[in-house]
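Excluded from the calculations below are hydrogen atoms, water molecules and symmetry mates; all remaining heavy atoms, backbone and side chain alike, are included. For clarity, every value in this text was computed on a predicted model and none was experimentally measured. Residue numbering restarts at 1 for every chain, and letters A, B, ... go by the order of the sequence lines.
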Amino acid sequence: MTTDPIVLLVDDSANDALLMATVFQRTDFDQPLRFVTSGEDAIAYLQGVGRFCNRAEFPLPAIVLLDLNMPRKNGLEVLAWIRQQPSLGRICVYVLSASSRREDTEKAFALGANAYLVKPGNLDELSHLARTLVAWIKLGHFAVAPEARHEMEPALADRSA
Amino acid sequence: MMTEAIAQSELRYRRLFEAAHDGILIVDPDRRAIVDVNPFMVNFLGYSRDEFIGKELFEFGLLKDEAASQAAFLELRKNGFIRYDDLPLRTKTGSHVDVEFVSNLYDEGDHQIIQCNIRDITARKKIEHELRIARAKLSLHAAELERVVRLRTAELRLTNTQLETFVYSIAHDLRAPLRTMQGFAQILVEEHAVNLPPQGRDYAKFIDAAAQQMDHQLTDLLAFSQISLQKIDLAPVALEDVVQSALAGSAEEIRESRARVECLPPWPTVLAHAATLRQVLVNLIGNAVKFVGTGTPHVVLRAEERSGGIVRLWIEDNGIGIAAEFHERIFQVFQRLHTTEYSGTGIGLAIVQKGVERLGGRVGLVSAPGAGCKFWIELSQARGLALKSQPKGEAHS
């Protein structure tokens, strides 16, 4: 039995996050979508500090879905921070923003985003995005942060068996 | 006889001297003293004849001082004349006058005399002065006007940009709560319908449909503001490529409407921005295959070269047409002529107009109810300019 990688969604709109979690639930993804609703919480989660100190409850993700437009610490700042953390290795960051402005996509890629997804406007398109994303995640091998490698090893061993 | 003739001539010139409207002074070059003065000069400067006689020119300001006077007389002997175009003088009562001063040295038998002509140019100078002031004021006003226009234009441009940015952020921000409304309304329909009475199910569907319609409007509004805000550099664009790309982008709508689309070459090269022009064409093609009435839609695309280096691109359909009274209104944001028979957001043609405006062109239409629509857009022809995408060698051939 393999386990899908952990996905952390960062979105300041709790409604959007809840909707995305619901949509993820309707796919065959076997992990619940983890989400936090601010850039500060995203960083705390990834550091495993404060209320996120229990890694059993808040496992380190292999993929971060990152909203850009957030108050105080925006997505680009979180992305820049992530890429400065050797302990997070090549953790995958997919930007998930309502903005399709070229300057936003260019900045995100310049800061090391792995992909840029534009938030769709309705549920059908959002479901389609979630299904495609899940299929993609299930197809791939994702680089795991050095810190998390130890926990993930049994799962990887399973996969190769 | 001879003496009589001389006397007559003497009389003739004496009259001229007495009646002249210029001041005349006769000066003895040896003594530099005035020996005769005409009545005009007496009136002009207000000194009596006796006050003039025997005096030197500088005493009336006609030369600066004694030293200047000596120098002037030397010059006069050397050149035969002195001329000052513009000499300020004071009359006896102290008022200021301007004169043009010419003096000539003449031989008169065994001796020489100097004749000075003094022309009053005070009035002319005054007019010239006023003219200069008027000109200076005029150019000052013109400069001020230009400054104000520049300022206002800059202000307007700023306000316009702020408005467009405002539209963008409004449209952008409104989509987020809308996504929630639509998403959960649909989940309600899809997953909880069993728990709802039929009316409740309908209500949830209404919310879902209205939210989706609003989302389309916001998406179009975003496209509209993006076309207003994006940086556009005009370059030569092969019309054929853009037309083909726009048709590919409209393939689904063309297929659904079963429209027959005809492209009639030749396609010149125009000065445009490919992505913006493509968007404009997609909207016009979408329009052409949408308002079709009962028949099969037939759309014709062709380009026409007009005088003055203008290319007019026609998008013609055989649809329901538009009455002349609406020809201006259809280009405004959220203006729709049909709300039930045809779906739409009312922004498509506003995007067309804004896009064409950004390309430095014009848009218009020829149409009447029942007679189809012929939309045209005019762009500058890019004759003799190399296409960006082509290698240099080919572009010149």
Please classify the contact between [X] and chain A as side chain, backbone, both or neither, with a heavy-atom cut-off of under 4.5 Å.
X        : answer
B:Ile187 : both
B:Arg175 : side chain
B:Gln212 : side chain

Problem - Side-chain donor/acceptor of B:Arg258 to backbone N/O of B:Pro297, under 3.5 Å - result: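 The answer is no, because no donor-acceptor pair under 3.5 Å joins these two groups.
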
Exercise for the section: Look at the side chain of A:Asp11 and the backbone N and O of A:Asp67, then say whether any donor-acceptor pair between them is shorter than 3.5 Å. Expected result: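 No; judged by distance alone, with no hydrogens or angles, the pair does not exist.
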
Proximity breakdown for [X] and chain B, heavy-atom pairs closer than 4.5 Å:
X        : answer
A:Asn69  : side chain
A:Arg26  : side chain
A:Leu19  : both
A:Ser127 : neither

Exercise for the section: Identify the residue among A:Asp4, A:Thr27, A:Asp30 that makes a side chain to side chain donor-acceptor pair (under 3.5 Å) with A:Lys138. Expected result: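 That would be A:Asp4.
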
Handout entry: Distance (rounded to the nearest 0.5 Å) between B:Lys205 NZ and B:Leu188 CG
Key =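 Result: 11.5 Å between the selected atoms.
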
Exercise for the section: Check the pair A:Arg51, A:Asp41 against salt bridge (Lys or Arg N to Asp or Glu O under 4.0 Å), reporting the backbone distance first and the verdict last. Expected result: CA-CA 9 Å; A:Arg51 65 188 176 88; A:Asp41 275 359; 3.0 Å; yes

Handout entry: B:Arg255 bridged to B:Glu252 by N-O distance under 4.0 Å
Key =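 Looking at B:Arg255 and B:Glu252, the cut-off is not met.
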
